[in-house]
Amino acid sequence: MEEGAKKGTVTSLASMFPAEDAQKAAKRVQETLAEEKAELDRVRGFISDNTSLINLVQKLPDELHHDIMVPFGKAAFFPGRLVHTNEFLVLLGEGYYAERTSKQTVEILKRRGNILESQAESMKAMMQDLQAEASFFGATASEAAEGLVEIREDYVEENFTERQSPPGPPKEDAPTFSEADEAKVEVEDEEYARMMSRLDELEKEETEAECASKRDKNNTKVAINEEEYARLMSRFAELEKEELEAECGNEGGEDTENVAVIDEKYAHMLSSLDELEKEEPETESSNESDEDEKIKANFDRLMGHKSLNKNLRISEEYQSRKHLEPRKDKKSATEELLTKQDPQQNLTDQLNCTGLTVQSAAKDEASRTRSFAHTLMKSFPEKALMPPEVRENVQPATSSRSEVPVQTSKSGFDSHKAFTGSIVERTHNIQTNSSQQTAISSQAPSSQPSKPVSRFKMQRR
Amino acid sequence: MDSFRQDKVQRFEEFVDRWLKPDLVRAIAESSDLRRNIENLERNSVASLRTLVNLGSEVYVQADVPDTKHIFVDVGLGFHVEFTWSEALNFISQREEKLARFVKGFGSYFNFQQRDLYKGPFSDV
């Protein structure tokens with residue numbers, strides 16, 4: 001009984017069709033039915049008149065004349081007789097009369113009779129309909145008066161488990177199974193919801209950041225440019241130092257190569273400086289669109305990329321305080337997120353570690369380190385987690401990635417160049433990141449590899 | 001009780017409006033028509049008449065009236081009385097007088113109706 005109340009609805013027929021209304025309707029139908037019946041009777045009268053007239057017309061010519069009372073007006077008669085009994089004046093309609101003989105008149109009258117018959121037939125059919133209607137209304141009225149109820153229950157195909165579970169209690173197997181399923185589904189749904197909310201959050205933060213940056217754009221642009229100039233200059237100094245070291249370290253054939261490479265880098269840097277100035281205004285918009293694309297394109301990667309992007313941006317604009325917050329959120333968000341999170345954290349750790357290791361290695365092979373940095377920039381957790389030994393292998397792999405078209409194209413002519421162009425800015429960001437987050441000593445700044453994704457790259461994409 | 005009387009009055013009014021009045025109008029028209037026709041016959045001193053008789057359904061047959069001196073007039077309840085023209089005219093005038101009385105009666109009835117209409121709302125007699 002309770003289930004019925006939950007699932008279906010019970011409406012008494014009287015509530016939908018009150019007995020009085022039904023009776024009224026029945027009465028009305030009966031009235032129209034009576035009218036129709038009167039009309040039918042009238043038509044029937046016409047028909048009988050017609051047939052009798054036909055008989056009369058057929059009989060009239062039998063005699064030469066008939067003695068009749070000739071009507072004079074409506075209330076008076078003259079005694080008289082019919083003459084010319086085979087001549088009839090028949091109304092054709094619209095005031096036109098035709099003189100016809102008895103036989104011709106009979107034909108006309110018969111045609112009229114057929115029309116009347118068909119009319120009567122249609123009226124009969126209509127009356128039958130009305131009769132049915134009246135009986136229906138009558139039945140409804142009586143049923144409503146009796147207190148008939150209508151029970152309605154929607155048929156639901158899905159939620160099979162839900163359905164099963166209520167009757168389940170007596171049985172042991174069904175409920176456990178279904179409950180487990182349900183729980184699973186629930187968890188998954190929850191996870192999904194959380195992820196979506198997280199996504200929304202991220203997007204909101206991004207837009208906020210963008211807005212903020214736009215607001216301050218005029219003010220900050222100059223500052224940023226200056227900052228970047230400073231960074232570039234420091235980088236120059238670094239490179240020069242490296243050059244010197246390289247020269248000191250190995251004076252073999254490699255030396256010249258290195259010099260050439262470094263020269264190239266210089267040129268590239270200069271060009272990138274120009275580019276920077278040029279592209280700075282466009283940065284915001286392009287960044288936005290790129291990120292949007294990415295979000296849509298790959299959900300999974302999104303988590304990694306976004307967090308990295310955000311790290312970058314936030315570190316630039318809000319410093320690590322905000323950066324830490326989202327992390328916490330993520331941890332609490334979902335199991336899946338957590339699993340993803342772990343690699344990421346590992347990544348940062350790794351980056352720090354590699355930063356340290358790289359530092360030592362950098363002096364040996366600056367170019368290699370940079371290439372490693374390049375790979376790290378693309379930083380997918382898995383790749384970042386790869387042991388240092390694999391670095392060299394990683395480089396080609398990164399170049400072959402299709403999601404970073406600009407990078408691939410760059411690596412096409414020279415992978416070193418490619419990374420150098422993009423690297424510059426990163427160093428700084430990562431420095432702040434790593435230093436603030438992990439409290440690693442100021443040595444970290446020199447670790448270029450820890451830059452996640454370069455702004456320039458984003459731009460170019 | 002009041003509603004019952006009201007209902008009765010209602011039905012009576014309906015009967016008067018739907019049957020008596022049209023009947024009266026028709027009767028007046030008939031009598032006046034008949035009088036005009038007879039006067040026409042007298043004026044033209046028609047001895048014999050040839051006319052068309054409606055058999056029904058607008059089918060007409062010629063009828064011949066050899067003697068128009070005697071006319072049978074409907075006096076009500078399906079009785080027809082044989083009159084001469086002068087007798088017929090006399091009868092018709094008497095009937096018209098009677099019909100006029102009816103009209104007068106209806107007039108008073110209408111007055112009553114109107115009086116009711118005006119006084120009804122204010123006096124619950």
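Quick note: numbers below take in every heavy atom, side chains included, and nothing from hydrogens, waters or symmetry partners. A quick note: this is a predicted structure, and the numbers were derived from the prediction, not measured. Below, read A as the first sequence line, B as the second, and so on, with proteins coming before strands; counting in each chain starts at 1.
Closest heavy-atom contact between B:P66 and A:G80: CD-CA, 4.0 Å. Scanning all heavy atoms of the two residues, the minimum distance from A:V83 to B:V61 falls at O-CG1, 4.0 Å. Heavy-atom minimum distance, B:A63 versus A:L82: CB-CD2, 3.9 Å.
With a 4.5 Å cut-off on side-chain heavy atoms, A:H65 and B:Q62 do not count as touching. Side chains of B:I71 and A:F77 form no contact here, defined as non-hydrogen atoms less than 4.5 Å apart.
Only the side chain of A:R112 comes within contact range of chain B, with at least one heavy atom under 4.5 Å from a heavy atom of that chain. Of the atoms belonging to B:H70, it is backbone heavy atoms, and not side-chain ones, that fall under 4.5 Å from chain A. For B:D33, no part sits under 4.5 Å from any heavy atom of chain A, backbone or side chain. Contacts between B:R50 and chain A at a heavy-atom distance below 4.5 Å involve the side chain alone, from C-beta outward. Looking at A:F46, neither its backbone nor its side chain comes within 4.5 Å of chain B, counting heavy atoms on both sides. Heavy atoms of B:R95 lying under 4.5 Å from chain A belong exclusively to its side chain. Interface remark: B:I92 contributes no atoms to any contact with chain A (heavy atom separation under 4.5 Å). With a 4.5 angstrom heavy-atom cutoff, A:I108 does not touch chain B via any of its atoms.
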Report task. Verify side-chain contact (heavy atoms from CB on, under 4.5 Å) between A:K74 and B:D74, making sure each step is shown before the conclusion. Result -> CA-CA 9 Å; A:K74 276 177 184 165; B:D74 183 9; over 6 Å; no
> Between A:F72 and B:T68, does a side-chain contact (heavy atoms from CB on, under 4.5 Å) hold up when you go through it step by step?
Replying inline: CA-CA 10 Å; A:F72 185 71; B:T68 57; over 6 Å; no
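The local environment of CD in B:E82 is crowded, with over 12 non-hydrogen atoms from other residues, nucleotides or ligands closer than 6.0 Å.
The OH atom of B:Y60 lies 14.0 Å from the CZ atom of A:F88; values are rounded to the nearest 0.5 Å.
At a heavy-atom cut-off of under 4.5 Å, chain A is reached by B:T51, B:L52, B:V53, B:L55, B:G56, B:S57, B:E58, B:V59 from residues 51-59 of chain B, listed in order of number.
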